[in-house]
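All values below were derived from every heavy atom in this structure, side-chain atoms included, with hydrogens, water molecules and symmetry-related copies excluded. Numbering of ligands and ligand atoms starts at 1, following listing order.
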Amino acid sequence: MKLSPEQLAQFERDGYLFFPGLFSPEETKTLTDAVPALYARREAYNVREKGRDAVRTNFAAHLYSEPFAKLARHPRMVEPVEALFGEKVYMHQFKINGKMAFEGDVWQWHQDYGTWRNDDLMPTERAMNVAIFLDDVNAFNGPLMFIPGSHKKGVIDAKHDLTTTSYPLWTVDNALVAQLVERAGGRNGGIVSPTGPAGSMILFHSCLVHASSSNLSPWNRVSVYLSLCAVSNHIRRFKRPEYIAHRDFTPIECLPDDCLLKDYPVELPWKNGMPGSALVTSLDRIDEPKKAA
Ligand code: SIN
Ligand code: MN
């Protein structure tokens with residue numbers, strides 16, 4: 001899939017692009033059908049909502065689930081990102097966020113690159129977020145909210161919020177959010193929420209300020225979030241477990257466009273369990289030799 005000059009200009013201006021219904025219902029069903037069995041696993045890679053059993057985020061399914069391994073190599077998703085960066089990309093993070101009916105909790109205002117820089121020492125913001133809806137997203141089931149143009153602010157000072165939800169996040173303070181919303185048009189477009197059918201895709205800049213509120217509706221809002229990083233911009237520290245921040249910087253090789261509907265061989269390295277090494281973390285930089293004791 002090639003982005004038009006208008007789409008490129010829109011991405012530059014707003015920091016996101018929305019593709020309603022990009023994946024067909026048949027393609028999307030191959031993914032949605034695989035989610036309950038993944039969420040049922042009692043594994044570290046399933047982070048549950050605070051004080052609840054509902055899954056907030058499942059990490060790294062592309063390493064142990066065939067349909068998601070195929071999605072991770074889908075040309076409709078990978079090719080526009082490669083074109084934007086002018087470089088091959090690798091998978092930095094892979095999440096299936098639940099935002100389950102009645103139970104899905106908030107995601108505070110944040111930029112993803114803030115976390116990737118502070119925790120993972122990713123050198124620059126040359127990494128892209130991709131959201132793919134597995135359920136219809138509407139005004140009631142906790143849609144993503146963006147502040148258009150906020151990516152132009154670059155990296156914003158953030159504070160590490162370890163208490164609001166079950167998942168630590170580097171969050172942007174309310175006064176700055178209010179300023180950014182005002183600058184983006186205030187009540188006239190200062191916050192936008194792309195909503196649409198299952199199978200829709202959003203590409204959004206890693207510095208775009210975003211959030212979502214809780215899901216009090218009776219409808220799940222399961223979405224996949226893939227973070228694709230330019231290979232030369234790979235992370236320099238393994239402070240977080242490997243199921244959260246990946247350590248394999250091999251460029252993604254795409255499968256054919258019909259890969260979700262046909263059989264293609266994919267590697268599933270964690271099919272029989274996550275290796276113990278995935279839980280080993282370190283504060284060392286991986287590009288500097290260790291100092292002699
Ligand atoms: C995220 O920002 O990483 C997730 C937001 C959401 O699932 O609404
Ligand atoms: Mn985010």
Side-chain angles (χ1 to χ4, degrees), residues 15-16 18 31-32 35 38-39 45-50 52 54-62 81 91-120 122 125 127-148 150-151 153 155-156 158-161 164-172 177 180 191-196 198 200-217 219-229 240 243-246:
Y16 73 96
F18 184 40
L31 302 165
T32 315
V35 172
L38 297 175
Y39 278 6
Y45 54 63
N46 275 333
V47 174
R48 290 170 197 276
E49 298 285 9
K50 198 173 186 175
R52 296 175 184 249
V55 170
R56 175 176 181 77
T57 300
N58 163 278
F59 286 99
H62 65 306
V81 182
M91 189 66 66
H92 169 57
Q93 190 170 72
F94 190 104
K95 306 183 289 194
I96 312 170
N97 283 2
K99 188 72 74 127
M100 302 308 274
F102 300 112
E103 307 204 83
D105 204 353
V106 303
W107 287 83
Q108 315 91 301
W109 287 106
H110 67 284
Q111 296 175 307
D112 282 16
Y113 179 59
T115 301
W116 302 338
R117 186 178 78 154
N118 290 325
D119 286 342
D120 309 325
M122 184 186 283
E125 71 268 22
M128 177 73 79
N129 266 320
V130 184
I132 296 173
F133 302 174
L134 298 193
D135 288 306
D136 297 347
V137 176
N138 57 40
F140 312 105
N141 62 355
L144 268 178
M145 300 188 283
F146 294 140
I147 305 177
S150 54
H151 63 301
K153 190 89 181 150
V155 186
I156 292 170
K159 99 174 183 317
H160 208 189
D161 181 345
T164 304
T165 71
S166 60
Y167 185 70
L169 204 62
W170 289 86
T171 60
V172 177
V177 168
L180 291 169
I191 301 179
V192 295
S193 253
T195 54
S200 300
M201 177 174 92
I202 310 173
L203 299 184
F204 62 104
H205 194 285
S206 59
C207 286
L208 193 69
V209 178
H210 60 286
S212 62
S213 49
S214 63
N215 184 4
L216 291 178
S217 84
W219 307 299
N220 293 339
R221 197 229 61 184
V222 178
S223 300
V224 189
Y225 289 85
L226 311 95
S227 307
L228 305 177
C229 184
R240 300 193 295 170
Y243 62 87
I244 297 181
H246 295 299

Answer yes if the side chains of Asn141 and Asn215 hold a donor-acceptor pair under 3.5 Å, and no otherwise.
no

So, Asp112 and Asn129: side-chain donor and acceptor under 3.5 Å apart, yes or no?
yes

Out of all atoms in ligand 1, which are within 4.0 Å of some heavy atom of Asn97? Include the element for each.
4 (C), 6 (C), 7 (O)

Out of Ser223, Ser212, Gly98, the nearest non-hydrogen contact to atom 8 (O) of ligand 1 is supplied by Ser212

Against heavy atoms of Leu144, which atoms of ligand 1 measure under 4.0 Å?
5 (C), 8 (O)

Nearest-contact summary for atom 5 (C) of ligand 1 - protein heavy atom, Å
Trp107 CG, 3.5 Å

Asp112: its N/O/S atom lying closest to the Mn ion (ligand 2) (atom name)
OD1

What about Tyr225: any of its N or O atoms under 3.5 Å from an N or O on ligand 1?
yes

Angle at the Mn ion (ligand 2) between NE2 of His110 and NE2 of His210, to 10°?
90°

Side chain to side chain, Lys153 and Val209, heavy atoms closer than 4.5 Å:
no

To check your reading of the model: name the closest protein heavy atom to atom 3 (O) of ligand 1, its residue, and the distance in Å.
Lys95 NZ, 2.6 Å

Arg221-ligand 1 polar pair, N/O distance under 3.5 Å
yes

Go through the side-chain N and O atoms of Asp120 and His92 and say whether any donor and acceptor fall under 3.5 Å apart.
yes

Between Trp109 and Met145, is there a side-chain heavy-atom distance shorter than 4.5 Å?
yes

Spacing of OG belonging to Ser214 relative to CH2 belonging to Trp107, to within rounding of 0.5 Å:
14.0 Å

Tell me whether the centres of the aromatic rings in Phe59 and Tyr167 are closer together than 6.0 Å.
yes

